[in-house]
Amino acid sequence: MNPVNYLYLAALLFTIGATGVLIRRNAIVVFMCVELMLNACNLAFVAFARMHGNLDGQIIAFFTMVVAAAEVVVGLAIIVSVFRARHSASVDDASLMKL
Amino acid sequence: MTAQLAAYTTSTGEAFQFWVLGTIAVIGALCTVFMKKAVHSALCLAGTMIVLAVFYLANGAYFLGIVQIVVYTGAIMMLFLFVVMLVGVTAADSLKETIKGQRWLALLCGLGFGTLLIGGIGNASLKEFNGLGRANANGNVEGLATLIFTKYVFAFELTGALLITATVGAMVLTHRERTERAKTQRELAEQRVREGKHVPPLPAPGVYARHNAVDIAGLLPDGTPSELTVSKTLRDRGQVRDVSTEALSDLKALEQRAEDRLERSNSGGSNSGEASK
């Protein structure tokens, strides 16, 4: 097996995540699909690190994880506060910045 | 292991692992998108992330593989599950399309995008795979640490600032300041008397003999369920069970069975009574 297959898998997962963001209406599931896309990118970074024989790709993947963790914390806090204000987690309902 | 990683193609074992776990990862990703309930989506995503952690380990990223399990599946996905418990249980995903044909267009877009991406990778000249044998020679964690604290030290410190900001942001967004003092029990009681609507405590819910059912409304003398007997939370969620019709139809069968039982025990009791006499 050629290690390029990891890149194909990453591309496939990224595509699935992107499609999920477009299809789903529940804000939490949309958020999970974004996480899936980030993970696919990380897989590509790790595969590229192996390809080039240095650890820079792994460092970038590490930073991506940190940023993703911060993003999840703030994003979920926003979802919770939007849910409190509107009693709905659907992205269709949140069409205005204020009530 | 290092010789293996330096090789141009992977070992048979890794190929086998890739095809088996890769299939699981893709299925998990598809389930994340297409599962109706947010909880199921979260669990499928957690499975995909564990598979990705195994792939990181197979690619020589030992530190990242462990961090993936600890941070992603351990912390982030559990945070997701907590929020699903707070929010998602009542929030059903509406299946009505607000933009006509959006779902099919989205699928088409996804298909096109995937084709472009995979075609791009296919056309790129990715022939040389050096492997991480030399980079990981002193250990993966040591190699990463050297890079983080020399070449990427500025980015690393920015990361610290980002994490602090995210923590404060999450606290600001979810914390609610109480603008007025909470009412004491006495004040609440006085308010109830002043309003004069429900001075005594609320009536208890209807309880079946089979189980303790707080979601079943108690029946009024005329057989209609009383809304007052069920907790407001359950009423808001629409989880009140109405058993008024059920109960009436079951009543006859229940009485019949009780009569049969009683007759038998009566005859048995009289027999034993005679024997004792």
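So you know, we letter chains A, B, ... as the sequences are listed, proteins then strands, and number each from 1.
Only the side chain of B/T48 has a heavy atom closer than 4.5 Å to any heavy atom of chain A. With a 4.5 angstrom heavy-atom cutoff, B/I118 touches chain A via backbone and side-chain atoms both. Only the backbone of A/N54 comes within contact range of chain B, with at least one heavy atom under 4.5 Å from a heavy atom of that chain. Of the two parts of B/Y72, only the side chain, counted from C-beta on, holds a non-hydrogen atom closer than 4.5 Å to a non-hydrogen atom of chain A. Residue B/A42 touches chain A through both its backbone and its side chain, counting heavy-atom pairs closer than 4.5 Å. Residue B/F82 does not touch chain A at all, counting heavy-atom pairs closer than 4.5 Å.
The greatest number of non-hydrogen atom pairs below 4.5 Å with chain A, out of B/A124, B/A25, B/G122, is found for B/G122. Between chain B and the options A/V72, A/V80, A/N5, A/I78, the largest number of non-hydrogen pairs under 4.5 Å is found for A/N5. Of the listed residues A/Y6, A/Y8, A/F31, A/F48, the one with more heavy-atom pairs under 4.5 angstrom with chain B than any other is A/Y6. For the set A/L7, A/I16, A/V74, the count of heavy-atom pairs under 4.5 angstrom toward chain B peaks at A/I16. When each of A/N39, A/L12, A/I23, A/L9 is scored by its heavy-atom pairs under 4.5 Å with chain B, the top score falls to A/N39. Each of B/T165, B/N140, B/L158 has some count of heavy-atom pairs under 4.5 Å with chain A, and the biggest count is that of B/N140.
Here the side chains of B/C44 and A/M32 are not in contact, with every heavy-atom distance at 4.5 Å or above. Side-chain contact between A/F62 and B/L144 is absent, with no heavy atoms from C-beta onward closer than 4.5 Å. Two residues are said to be in side-chain contact when any heavy atoms from C-beta on lie closer than 4.5 Å; A/T19 and B/C109 fail this criterion. A heavy-atom distance below 4.5 Å is found between the side chains of B/M49 and A/E35. Contact of the B/R103 side chain with the A/L22 side chain is not registered, since no non-hydrogen atoms from C-beta on lie closer than 4.5 Å. A 4.5 Å side-chain heavy-atom check between B/T167 and A/V73 finds every atom pair outside the cut-off. Counting only heavy atoms from C-beta outward, the side chains of B/L147 and A/Q58 never approach each other to under 4.5 Å. Side-chain contact check for A/D56 versus B/K151: some heavy-atom pair is nearer than 4.5 Å.
Below 30°, between 30° and 60°, or above 60°: for A/F14 and B/F113 the angle between ring planes is between 30° and 60°, a tilted geometry. Note: B/F156 and A/F63 have tilted aromatic rings, judged against thresholds of 30 and 60 degrees for the angle between ring planes.
The heavy-atom pair separating A/R24 from B/M35 by the smallest distance is NH1-O, 2.7 Å. For A/C33 against B/V33, the heavy-atom pair with the smallest separation is SG-CG2, 4.0 Å. When every heavy atom of B/L86 is checked against every heavy atom of A/F83, the shortest pair comes out as O-CE2, 4.0 Å. The minimum heavy-atom distance between B/Y56 and A/L43, with the atom names listed, is OH-N, 3.5 Å. Closest approach of B/L163 and A/A70 over heavy atoms only: CD2-CB, 4.3 Å.
Formation of a donor-acceptor pair under 3.5 Å by the A/R50 side chain with backbone atoms of B/A61 is not found in this model.
For the atom pair CZ of B/F63 and CD1 of A/I59, the computed distance is 9.0 Å after rounding to the nearest 0.5 Å.
Within 6.0 Å of the CE atom in B/M78, the count of heavy atoms belonging to other residues, nucleotides or ligands exceeds 12.
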